[in-house]
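I have placed the structure first, in the form of structure tokens, so that the comments after it can refer back to it.
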Protein chains: 2
Amino acid sequence: MFPSFAVTVDVVILTISDGDLCVLLVRRGGDPYRDHWALPGGFKLPDETLDQAAKRELLEETGVKAPKHLDQLKAYGDPGRDPRSNVVTVAYLAVVPELGGIRAGGDADRAQLFPVRQAIQRRFELAFDHRDILRDALQRVERDLESSHLATAFVGQTFTLSELRAVYERVWDTELDAANFRRSLLASDASFVESTGTTAAPGPEGGRPPEMFRATDSWKNYGSPVKRSRRRDPRDRR
Amino acid sequence: MFPSFAVTVDVVILTISDGDLCVLLVRRGGDPYRDHWALPGGFKLPDETLDQAAKRELLEETGVKAPKHLDQLKAYGDPGRDPRSNVVTVAYLAVVPELGGIRAGGDADRAQLFPVRQAIQRRFELAFDHRDILRDALQRVERDLESSHLATAFVGQTFTLSELRAVYERVWDTELDAANFRRSLLASDASFVESTGTTAAPGPEGGRPPEMFRATDSWKNYGSPVKRSRRRDPRDRR
DNA sequence: GCAAAAGTGTTGGTGTTACACCCATGG
DNA sequence: CCATGGGTGTAACACCAACACTTTTGC
């Protein structure tokens, strides 16, 4: 009676790896787009929510359990975006601190991290309209970093301020003043981190032992105290 | 072979009417939820994009042509959200300056504006999960007002700064300083308004004739120069 | 071994900018 | 009466400098 569609969910999994913002892609083992890199995803079942479907596919195809942040991104339904039939996909954005035990599963015969900005460029072809989805996901994470505590989803349970600052710097592809970063995060009543009182071991290059922090749950939707520089210098835009 | 779904689009149409932020709702003429107020919407066709479907339903059910702002909001696909079958809906947010010639059409036997915040309260029952959608739409427009030129979509081709300021004030339910508002909008190189050089007639209460402005297309994704107050006084939060 | 250098994290200071708040003037 | 323009104090922050604590290097 009504036009019939298949509904899929695709997940953009972002993490910081090797000093770069990366996305997890899987290589498709079946048609269409066999052997192309694609976002992990699959068909929604009638008796699960979209969120549940995203979590399930995430686990089945990549082994990633319980991401620290999973949010709906956008729906994509252009006619012909899937050569098989009428398919509407709902894209999700997942942010994880580190990928412990990536493994390929389901329709994917390989899973691998790629630097996001390289994947968006024409380095290689992505399946379906996944390049568009990836572009939207990057914009989204750039924006949400400024208006929420999303940055803490990129790091572990405890972390140093340098690690957290690196998240902002790598996502925004910019540099932040360490002194102001610390002050902004600690002085504000809208802060979302607190000191654990302990210090970590210095990095391989030495240096003063950094203080360890953890995320607090007292964040009240006040936005992030860390703001992108208002200096609109065209030179620092890539 | 794959689980089959119907895909619908629902449109949250917002406007400023009578000094209040309002949403256009239609009264359903058919089952399910007959005689309930609902968001205008309907089924997506296989050979149209989601955006096209939203525009088409908007026109068919309410007579609203070419909204100044139409953006995808979110997809909703909880099992059982539609008693008929498996239905995934993609919600859209439309912002229009004024509703010229609202008329009911299609499945709707009446169309009417309601103050958004009243409609979200338990004043009357909305069909399906449309109350959730409306809540999300309000949050979205509050946020986007701060990070884009969305405010200009609420006003006509030309407008006074007071009209534009009223948009911010009614959406955020707050008050803005008229002097700072003018300076922020005009001084910034990220501005999205320019003077037409003409003045309008004063309002019914008299006053100095205001300058008329128009929106420029030179806006470059720099966010809105108008910011919500950082004063986190708990008293002004409703 | 030991001192100096270099690397990293933390604290302090200063000039500039944005803006909340108030007042004056114009139509 | 409302729109516009100006003025002032405060808070945020970009930029710079100093200091603390570590590892590495040179002798």
Side-chain angles (χ1 to χ4, degrees), chain A residues 19 146-147 155 158-169 172 174-191 193-213 222-233 235-236, chain B residues 19 146-147 155 158-169 172 174-191 193-213 222-233 235-236:
Chain A
E146 199 163 357
S147 57
V155 296
T158 65
F159 49 87
T160 69
L161 290 189
S162 287
E163 287 176 309
L164 193 63
R165 183 163 49 86
V167 171
Y168 287 90
E169 291 181 336
W172 287 341
T174 183
E175 305 246 319
L176 296 176
D177 184 89
N180 289 332
F181 183 83
R182 184 186 182 85
R183 268 192 294 256
S184 302
L185 225 50
L186 300 185
S188 172
D189 56 347
S191 178
V193 298
E194 61 183 10
S195 172
T196 65
T198 63
T199 61
E205 314 254 322
R208 175 172 170 171
E211 206 175 348
M212 293 291 285
F213 290 83
Y222 283 167
S224 167
V226 182
K227 298 293 178 189
R228 237 202 259 234
S229 172
R230 268 111 194 182
R231 300 267 165 271
R232 295 300 176 187
D233 191 344
R235 280 167 300 164
D236 66 4
Chain B
E146 200 164 357
S147 56
V155 296
T158 65
F159 48 88
T160 70
L161 289 189
S162 287
E163 288 176 308
L164 194 63
R165 183 163 49 87
V167 171
Y168 287 91
E169 291 179 338
W172 287 341
T174 182
E175 306 246 318
L176 296 176
D177 183 88
N180 289 333
F181 183 82
R182 184 186 181 83
R183 269 192 293 258
S184 303
L185 267 177
L186 301 185
S188 172
D189 56 347
S191 178
V193 298
E194 61 183 9
S195 173
T196 66
T198 63
T199 61
E205 315 254 323
R208 173 171 172 174
E211 206 174 348
M212 293 292 285
F213 289 82
Y222 284 168
S224 167
V226 182
K227 298 293 176 191
R228 239 200 256 234
S229 171
R230 268 113 196 183
R231 301 265 162 275
R232 297 298 174 187
D233 192 344
R235 280 166 301 162
D236 64 4

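Residue numbers begin at 1 in each chain, while the letters A, B, ... track the order of the sequences.
- One atom, CG of B:L185, and another, C1' of D:dG5, lie 16 Å apart when rounded to the nearest Å.
- Between B:E211 atom CD and D:dA3 atom C1' the separation is 10 Å, expressed in whole Å.
- For C:dG9, the base has no donor-acceptor partner in the side chain of A:R165 [N/O atoms by modelled type, under 3.5 angstrom].
- Candidate nucleotides D:dC1, C:dC21, C:dG26 were compared by shortest atom distance to the side chain of B:E205, and D:dC1 ranks first.
- End-to-end axis angle of the helix from C:dG1-D:dC27 to C:dG27-D:dC1, from C1' rotation axes over five pairs per end: 20° (rounded to 10 degrees).
- No contact: A:A201 has no heavy atom under 4.0 Å from any strand.
- The OG1 atom of B:T158 sits 7.5 Å away from atom CD of B:E163, with the distance rounded to the nearest 0.5 Å.
- Taking only side-chain nitrogens and oxygens, A:R182 comes nearer than 4.0 Å to OP1 or OP2 of C:dT10.
- Contact detail for A:P209 and A:A200: the closest heavy-atom pair is CB-O, 3.3 Å.
- Straight-line distance from the CD atom of B:E175 to the C1' atom of C:dC22: 16 Å, rounded to whole Å.
- Of the candidate nucleotides D:dC13, C:dC19, C:dG9, C:dC19 has the atom lying nearest to any side-chain atom of B:K227.
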- From CA spacing to verdict: side chain to side chain contact (heavy atoms under 4.5 Å, CB included), B:E146, B:V226: CA-CA 7 Å; B:E146 200 164 357; B:V226 182; over 6 Å; no

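- Take the nearest nucleotide of DNA chain D for A:G203 and for B:A178: the residue whose nucleotide is more 5' is B:A178.
- Atom P of nucleotide C:dG9 and atom CZ of A:F181 are separated by 12 Å, given to the nearest angstrom.
- Side-chain atoms of B:N180 and base atoms of C:dA20 include a donor and an acceptor less than 3.5 Å apart.
- The separation between A:L176 atom CG and C:dG9 atom C1' is 16 Å, rounded to whole Å.
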- From CA spacing to verdict: side chain to side chain contact (heavy atoms under 4.5 Å, CB included), A:M212, A:T160: CA-CA 5 Å; A:M212 293 291 285; A:T160 69; 3.7 Å; yes

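- Nearest heavy atoms, A:L164 versus A:F181: C-CZ, 3.9 Å.
- Heavy atoms only, all atoms of each residue included: A:Y168 and A:S224 are closest at OH-OG, 3.3 Å.
- Between B:E169 and B:L176, the closest heavy-atom pair is OE2-N, 2.9 Å.
- Within the 4.0 angstrom heavy-atom criterion, only backbone atoms of the sugar-phosphate kind lie near B:S162; the bases stay farther away.
- Distance B:R208 CZ to C:dG27 C1': 6 Å, rounded to the nearest Å.
- Judged as a side chain to side chain donor-acceptor pair (under 3.5 Å), and not counting sequence neighbours, the contacts of A:T196 are A:T198.
- The base of D:dG7 sits with one of its N or O atoms less than 3.5 Å from a complementary donor or acceptor on the side chain of B:R183.
- Atoms CD (B:E146) and P (C:dC19) sit 11 Å apart, rounded to a whole Å.
- Rounded to an integer number of Å, the gap from CG of A:D177 to P of C:dG12 is 15 Å.
- Judged by closest nucleotide on DNA chain D, B:P209 is the one of B:P209 and A:G207 placed further toward the 5' end.
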